[in-house]
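Take a look at the structure set out below.
Heavy atoms only: backbone and side chains are in, while hydrogens, waters and symmetry mates are out. We count ligands from 1, going down the list as the structure has it; atoms in each ligand are counted the same way.
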Amino acid sequence: MPFAIAIDGPSGAGKSTLARIIAKNLQFVYVDTGALYRAIGHSMLSRHIDIEDDAKVAAGLDGLTVSIAYVDDEQRVIVNGVDVSDNIRTPQVSMAASRVSAVPEVRRFLMNTQRDIAKSQSVVMDGRDIGTTILPDADLKIYLTATPEARAQRRLLDLQAKGIASTFEAVLEDMRQRDYNDSHRAAAPLKQAEDAIFIDNS
Ligand code: DC
């Protein structure tokens, strides 16, 4: 039977760093589900679809295929046959991902992609609703968080390492906005599963 570890929490809490280390040590597959929402946000932006309009976002899913592939053990996201992984880490795409992820059709669209991966292999999956919605029977659930300031500082260093210019204030503001969106949406909002272990990673 495959084993599933769910790691949820807000952006910049260190989920992917933790998940990668666990996956490497246990030889599980690491699944970054945020990349799927980013891929959809990116696709909507590049087609100039109004992401503030839920009906247009839902209609924009027509004919879209989003899947995950692994190249040299690194997760790649493929949209209609094109690997978009290198284009989904900008602040614009972060905000678009947060926005489109509130649309119930988008969440439904990605649900089976996420569940199917965990059916056939042991996974460490990170996101916002893995322990509550995608894998409610996960063997181990972790809710990883940190103060907004600690998370913004980390995200700023990530962006700088990628050569994307920003400031602490701008990143903190983006983070607060995304925290609000992600935890106040009606569809599968960010929240700690009752049986998750809480870790403050500040
Ligand atoms: O983890 P991340 O920052 O790459 O995620 C980008 C956005 O996608 C995030 O602001 C909210 C959304 N998301 C989600 O709604 N559910 C998930 N399981 C993962 C991400």
| message | Could you check whether Asp174 pairs with Arg155 (Lys NZ or Arg NE/NH1/NH2 to Asp/Glu carboxylate O, under 4.0 Å)? | response | no
| query | Does the pair Arg176/Asp179 count as a salt bridge with the N-to-O cut at 4.0 Å? | reply | no
Which protein N or O atoms sit under 3.5 Å from any N or O of ligand 1? Give atom names and distances.
{"unit_1": "ligand 1", "atom_1": "1 (O)", "unit_2": "Arg128", "atom_2": "NH1", "d": "2.9"}
{"unit_1": "ligand 1", "atom_1": "1 (O)", "unit_2": "Arg128", "atom_2": "NH2", "d": "3.4"}
{"unit_1": "ligand 1", "atom_1": "3 (O)", "unit_2": "Arg38", "atom_2": "NH2", "d": "3.1"}
{"unit_1": "ligand 1", "atom_1": "3 (O)", "unit_2": "Arg128", "atom_2": "NH2", "d": "3.2"}
{"unit_1": "ligand 1", "atom_1": "3 (O)", "unit_2": "Arg178", "atom_2": "NH1", "d": "3.0"}
{"unit_1": "ligand 1", "atom_1": "4 (O)", "unit_2": "Arg38", "atom_2": "NE", "d": "2.6"}
{"unit_1": "ligand 1", "atom_1": "4 (O)", "unit_2": "Arg38", "atom_2": "NH2", "d": "3.3"}
{"unit_1": "ligand 1", "atom_1": "10 (O)", "unit_2": "Arg178", "atom_2": "NH1", "d": "2.9"}
{"unit_1": "ligand 1", "atom_1": "10 (O)", "unit_2": "Asp182", "atom_2": "OD1", "d": "3.4"}
{"unit_1": "ligand 1", "atom_1": "10 (O)", "unit_2": "Asp182", "atom_2": "OD2", "d": "2.8"}
{"unit_1": "ligand 1", "atom_1": "15 (O)", "unit_2": "Ser101", "atom_2": "OG", "d": "3.3"}
{"unit_1": "ligand 1", "atom_1": "15 (O)", "unit_2": "Arg107", "atom_2": "NH1", "d": "2.8"}
{"unit_1": "ligand 1", "atom_1": "15 (O)", "unit_2": "Arg107", "atom_2": "NH2", "d": "3.4"}
{"unit_1": "ligand 1", "atom_1": "15 (O)", "unit_2": "Arg185", "atom_2": "NH1", "d": "2.8"}
{"unit_1": "ligand 1", "atom_1": "15 (O)", "unit_2": "Arg185", "atom_2": "NH2", "d": "3.0"}
{"unit_1": "ligand 1", "atom_1": "16 (N)", "unit_2": "Arg107", "atom_2": "NH2", "d": "3.0"}
{"unit_1": "ligand 1", "atom_1": "18 (N)", "unit_2": "Thr33", "atom_2": "OG1", "d": "3.0"}
{"unit_1": "ligand 1", "atom_1": "18 (N)", "unit_2": "Arg128", "atom_2": "N", "d": "3.0"}
{"unit_1": "ligand 1", "atom_1": "18 (N)", "unit_2": "Asp129", "atom_2": "OD1", "d": "3.1"}

| Contacts of Arg108 that satisfy side chain to side chain donor-acceptor pair (under 3.5 Å) - sequence neighbours left out | none
| said: Regarding Asp32 and Arg76, does a basic nitrogen lie under 4.0 Å from an acidic carboxylate oxygen? | reply: no
| task | State whether Arg128 and Asp8 are salt-bridged, where the test is any N-O pair (Lys NZ or Arg NE/NH1/NH2 against Asp/Glu carboxylate O) under 4.0 Å. | result | no
| field | Electrostatic pair Lys191-Asp182, nearest N-O below 4.0 angstrom | value | no
